[in-house]
Amino acid sequence: MTATILDGKATRDEIFIDLKARVDALKAKGITPGLGTVLVGDDPGSASYVRGKHADCAKVGINSLRRDLPADISQAELEAVIDELNANPECTGYIVQLPLPKHLDENAALERIDPDKDADGLHPVNLGRLVLGKEATLPCTPRGVVHLLRRYDVPIDGARVTVVGRGVTIGRPIGLLLTRRSENATVTLCHTGTKDLAAEVRRADIVVAAAGVAGLITADMVKPGAAVLDVGVSRTPDGLRGDVADDVREVAGFISPNPGGVGPLTRAFLLSNVVERAEQLAAESV
Ligand SMILES: Nc1nc(=O)c2c([nH]1)NC[C@@H]1CN(c3ccc(C(=O)N[C@@H](CCC(=O)O)C(=O)O)cc3)C=[N+]21
């Protein structure tokens with residue numbers, strides 16, 4: 001058996017068609033959504049991700065607000081830029097690109113973002129609202145995972161999901177989405193303290209690999225027919241590698257590759273969060 005590919009780029013293109021129509025409708029009412037990015041320093045990887053986000057904005061008609069800051073900026077200077085975006089009516093939502101240089105206090109910076117402008121959905125207020133089941137801006141990568149599964153009709157209700165990795169962008173929050181009544185999955189969260197990772201992965205109908213360890217998930221660990229989403233990424237001497245070994249596609253029923261899987265959807269849902277916020281503001285102003 002060869003797995004069906006969960007195609008993140010094709011799915012992203014579908015989402016963009018919908019977003020573009022919604023942005024056009026907002027523009028007809030005199031509202032143009034704007035996505036801000038705050039990039040500190042000149043890490044080539046981070047710069048390339050930020051470029052990608054602005055290229056996506058251009059595709060759907062969202063304005064871009066770029067704030068590119070030198071690596072040696074002080075905490076106070078960074079927070080002044082955050083305050084400016086919080087106050088700027090052109091900015092519907094924004095992100096502070098992570099990681100920040102080590103001398104800066106990342107949590108203090110993230111908490112200073114206006115929760116209503118938190119396009120990542122990673123502000124403590126939004127994560128707290130998600131835990132409480134209140135309306136919240138949802139984190140982009142978990143939204144991407146759920147959307148990709150639904151797009152390819154992978155059953156989620158009642159499924160056993162094993163998540164590998166406890167990072168803030170995906171591992172921690174994805175269980176909060178997948179265990180809502182609307183998804184109804186049973187989720188196990190594995191990490192470096194897990195005693196028998198292979199056994200936990202082998203029981204899963206859906207595996208979300210987000211550990212950032214190249215090739216961690218091997219074919220012998222995967223239940224035949226399972227859906228395997230490769231979300232982790234590592235820089236290796238051979239280039240960028242995902243968490244999922246190549247031969248898993250001979251066992252899995254569905255696989256989301258990396259690159260070309262969840263990554264493009266993370267970016268699409270960043271824009272989606274901005275468009276949703278602009279629609280809320282438009283509804284409030286009538
Ligand atoms: N505040 C913040 N929010 C983030 O969401 C955030 C961040 N900081 N810091 C870094 C990570 C990484 N990340 C990626 C998003 C999309 C791709 C992506 O689209 N990748 C393409 C390949 C790269 C490309 O085509 O440019 C793919 O998987 O096919 C990758 C990585 C978001 N992050």
Side-chain angles (χ1 to χ4, degrees), residues 5-13 15-16 35-60 65-69 78 81-82 85 91 93-102 104-115 117-124 126-127 137-145 147-148 165 167-174 208-212 214 228-236 239-244 255-274:
I5 302 295
L6 306 177
D7 185 339
K9 288 188 176 171
T11 306
R12 180 255 332 260
D13 291 344
I15 294 172
F16 278 7
L35 172 71
T37 59
V38 179
L39 172 63
V40 182
D42 40 26
D43 174 70
S46 295
S48 137
Y49 288 147
V50 167
R51 260 199 313 279
K53 288 165 188 171
H54 291 293
D56 289 351
C57 283
K59 282 188 198 158
V60 302
L65 294 90
R66 279 191 78 140
R67 302 288 182 264
D68 292 354
L69 309 172
L78 171 61
V81 172
I82 290 172
L85 289 172
C91 174
Y94 68 100
I95 63 153
V96 174
Q97 182 72 21
L98 302 175
L100 289 171
K102 283 190 196 59
L104 295 170
D105 183 342
E106 206 163 86
N107 283 326
L110 294 182
E111 289 204 28
R112 203 169 175 99
I113 297 172
D114 176 348
K117 289 197 176 192
D118 164 37
D120 270 328
L122 296 175
H123 188 284
N126 282 314
L127 291 174
T137 302
L138 299 176
C140 304
T141 307
R143 274 192 87 178
V145 167
H147 185 92
L148 206 48
V168 173
T169 50
I170 169 92
R172 287 273 181 214
I174 192 169
V208 178
V228 181
L229 291 96
D230 191 356
V231 189
V233 67
S234 321
R235 275 168 216 282
T236 74
L240 293 182
R241 294 238 1 241
D243 283 1
V244 177
I255 194 149
S256 89
N258 193 337
V262 174
L265 294 179
T266 295
R267 283 158 47 177
F269 281 107
L270 183 68
L271 303 198
S272 179
N273 280 343
V274 170

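Whatever order the structure lists ligands and atoms in, that order sets their numbers, starting from 1. The chain is numbered in sequence order, starting from 1.
Shortest contact from atom 30 (C) of ligand 1 to any protein heavy atom: Y49 CE2, 3.2 Å. Among all protein heavy atoms, the one lying closest to atom 10 (C) of ligand 1 is Q97 NE2, 3.3 Å. For atom 22 (C) of ligand 1, the closest non-hydrogen atom on the protein side is P259 CB, 3.9 Å. The nearest protein atom to atom 6 (C) of ligand 1, hydrogens excluded, is given as K53 NZ, 3.9 Å; this is a heavy-atom distance.
Where the criterion is an N or O separation shorter than 3.5 Å, residue side chain and backbone included, S48 fails it with respect to ligand 1. For G263, a nitrogen or oxygen atom sits less than 3.5 Å from a nitrogen or oxygen atom of ligand 1, counting backbone and side chain alike. Considering backbone and side-chain N/O atoms, K9 never comes within less than 3.5 Å of an N/O atom of ligand 1.
Atoms of ligand 1 lying under 4.0 Å from at least one heavy atom of V96, given by number and element, are 1 (N), 2 (C). Near G260, with a cut-off below 4.0 Å to any heavy atom, the atoms of ligand 1 are 27 (C), 28 (O), 29 (O).
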Exercise. For the pair Q97 and K53, evaluate side chain to side chain contact (heavy atoms under 4.5 Å, CB included) and give the outcome as yes or no after the intermediate values.
Key: CA-CA 11 Å; Q97 182 72 21; K53 288 165 188 171; 2.8 Å; yes
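Distances from atom 8 (N) of ligand 1 to the heavy atoms of L98, L270, T169, D120 put L98 nearest.
With hydrogens and angles ignored, the 3.5 Å screen pairs a side-chain donor or acceptor of K117 with a backbone N or O of L85. Not one N or O on the side chain of D230 forms a donor-acceptor pair closer than 3.5 Å with the backbone of G261.
Within a 6.0 Å sphere centred on NZ of K9, other residues, nucleotides and ligands contribute 12 heavy atoms or fewer.
With hydrogens and angles left out, the side-chain atoms of T169 and T141 include no donor and acceptor closer than 3.5 Å. With 3.5 Å as the limit, one finds a donor-acceptor pair spanning the side chains of N273 and R143. At a cut-off of 3.5 Å, with distance as the only test, a side-chain donor of H54 or T37 sits close to an acceptor on the other residue.
At least one protein heavy atom sits closer than 4.0 Å to atom 24 (C) of ligand 1.
Heavy atoms of C140 stay at 4.0 angstrom or farther from ligand 1.
Closest of all the heavy-atom pairs between I5 and P257 is CG2-CD, 3.8 Å.
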